[in-house]
Amino acid sequence: IRGAPRRLAAGLLVFAAGCGDDDGTGPTPLSPEEVAGVYRICSLAFAPSSRFLPAVDIRARAFDTASVGVTPPRLKLDATWTFELEYTPRGQFTDVEHRGTFATGASRVRLAFARPAEVAPLLLPERVDAEFDAASRLLRIADSGLPFTVSKGDYEWLLGESDPGIPPRVEGRLTGRFTAGACP
């Protein structure tokens, strides 16, 4: 309960950031009901800015997508401006959930994780910006804003290899595709 006011303030700040211009002349933001739903994670990757470092397929490396009886990786957006990223980690049998709040713009959904340190090992930034296509019920992370950095340890862990030439912090961008339908 001690952290509740801080989380509420952070959620309201994220919400306000997605509401358009202060003078009311900006485009109308999407409502939470318009974007609410369960989205399958079809792709999710971290691409380092350095052309010498390989991209990491987060979906393939971090999530169990093949075992029978495990929860497929998914993003659940609720009409109460909250979300859950739910998946079963590779090699485990227990689901993991990461929660946060979201805000909307005219065609964007902005996710803000409540506990960024928990998603850092997944090479995810604190905030993720996705384009929303209402007709196909698709969220696409094509450019999540400015590049962000991840730790060498987290990058190497998901990459599955170690290299002394990797810098202590790896700068890169996130890409991904989430759909309410079946993944292609």
Side-chain angles (χ1 to χ4, degrees), residues 35-78 82-102 108-133 136-184:
V35 298
V38 178
Y39 297 84
R40 295 173 192 232
I41 301 174
C42 299
S43 66
L44 190 60
F46 175 78
S49 298
S50 170
R51 63 187 170 115
F52 300 108
L53 297 175
V56 177
D57 184 340
I58 297 167
R59 183 179 184 276
R61 301 291 302 167
F63 306 151
D64 187 338
T65 59
S67 297
V68 176
V70 299
T71 301
R74 59 188 173 187
L75 176 69
K76 297 189 286 187
L77 299 177
D78 191 67
T82 61
F83 75 87
E84 291 179 2
L85 173 66
E86 184 180 16
Y87 63 96
T88 301
R90 285 180 63 103
Q92 296 183 19
F93 299 102
T94 306
D95 292 351
V96 173
E97 294 177 354
H98 299 290
R99 293 180 172 82
T101 57
F102 70 91
R108 314 255 337 142
V109 175
R110 294 171 190 95
L111 307 172
F113 287 99
R115 298 177 189 261
E118 290 180 356
V119 297
L122 295 174
L123 309 182
L124 297 178
E126 180 177 350
R127 289 182 178 79
V128 175
D129 190 16
E131 176 115 9
F132 178 68
D133 181 341
S136 61
R137 302 286 301 159
L138 174 73
L139 287 165
R140 179 174 292 131
I141 305 166
D143 183 0
S144 201
L146 298 173
F148 65 100
T149 59
V150 299
S151 77
K152 174 182 179 171
D154 290 339
Y155 174 76
E156 288 179 330
W157 178 74
L158 270 187
L159 184 62
E161 59 186 70
S162 178
D163 185 331
I166 297 174
R169 304 288 299 166
V170 179
E171 182 180 87
R173 294 182 185 269
L174 187 68
T175 59
R177 188 167 189 250
F178 305 173
T179 181
C183 292

I need the minimum non-hydrogen distance between [X] and [Y], along with the two atoms involved.
X      : Y      : value
Phe148 : Pro125 : CZ-CD, 3.5 Å
Phe63  : Pro73  : CD1-CB, 3.5 Å
Lys152 : Asp163 : NZ-O, 3.3 Å
Ala55  : Pro48  : CA-CD, 3.7 Å
Pro121 : Leu158 : O-CD1, 3.5 Å
Arg61  : Val56  : CG-CG1, 4.2 Å

Within-4.5 Å side-chain heavy-atom neighbours: [X] and [Y]:
X      : Y      : value
Phe93  : Asp64  : no
Asp154 : Val170 : no
Ser67  : Thr88  : no
Leu53  : Ile166 : yes
Leu75  : Glu84  : no
Pro168 : Ser151 : no

Problem - Working for side chain to side chain contact (heavy atoms under 4.5 Å, CB included), residues Phe178 and Ile141 - result: CA-CA 8 Å; Phe178 305 173; Ile141 305 166; 4.0 Å; yes
Handout entry: Under 3.5 Å: donor-acceptor pair, side chain of Arg74, backbone of Ile41
Key = no
Practice task
Mark yes or no for whether Thr179, through its side chain, and Arg40, through its backbone, hold a donor-acceptor pair below 3.5 Å.
Solution key: no
Problem - Distance-only side-chain donor-acceptor flag, Arg137 / Tyr39, under 3.5 Å - result: yes
Exercise for the section: Classify the side-chain pair Ser49/Glu171 by whether it contains a donor and acceptor separated by less than 3.5 Å. Expected result: yes
Residues that [X] engages under side-chain hydrogen bond (donor to acceptor under 3.5 Å, both in side chains), provided they are two or more places apart:
X      : result
Ser50  : none
Tyr155 : none
Glu156 : Ser162

Practice task
Give the C-alpha distance, both sets of side-chain angles, the deciding distance and a yes or no for side chain to side chain contact (heavy atoms under 4.5 Å, CB included) between Val96 and Tyr87.
Solution key: CA-CA 6 Å; Val96 173; Tyr87 63 96; 3.7 Å; yes
Practice task
Would you please test Arg140 and Glu131 for salt bridge (Lys or Arg N to Asp or Glu O under 4.0 Å) and show each step?
Solution key: CA-CA 5 Å; Arg140 179 174 292 131; Glu131 176 115 9; over 6 Å; no
Report the distance from atom [atom1] of [X] to atom [atom2] of [Y], rounding to the nearest 0.5 Å.
X      : Y      : atom1 : atom2 : result
Arg99  : Glu86  : CZ    : CD    : 8.5 Å
Arg59  : Leu122 : CZ    : CG    : 14.0 Å
Arg177 : Leu44  : CZ    : CG    : 13.5 Å
Arg127 : Leu174 : CZ    : CG    : 15.0 Å

Handout entry: Intermediate values then yes/no, side chain to side chain contact (heavy atoms under 4.5 Å, CB included), Leu138 and Phe132
Key = CA-CA 6 Å; Leu138 174 73; Phe132 178 68; over 6 Å; no
Practice task
Let me see the working for Phe83 and His98 under ring-ring contact (aromatic ring centres under 6.0 Å, His included), right down to the final yes or no.
Solution key: CA-CA 8 Å; Phe83 75 87; His98 299 290; 9.6 Å; no
Exercise for the section: Please test Ile58 against Leu124 for side chain to side chain contact (heavy atoms under 4.5 Å, CB included), starting from the C-alpha separation and ending with a verdict. Expected result: CA-CA 9 Å; Ile58 297 167; Leu124 297 178; 4.3 Å; yes
Exercise for the section: Would you mind telling me which of Thr101, Leu85, Leu77 makes a side chain to side chain contact (heavy atoms under 4.5 Å, CB included) with Leu111? Expected result: Leu77
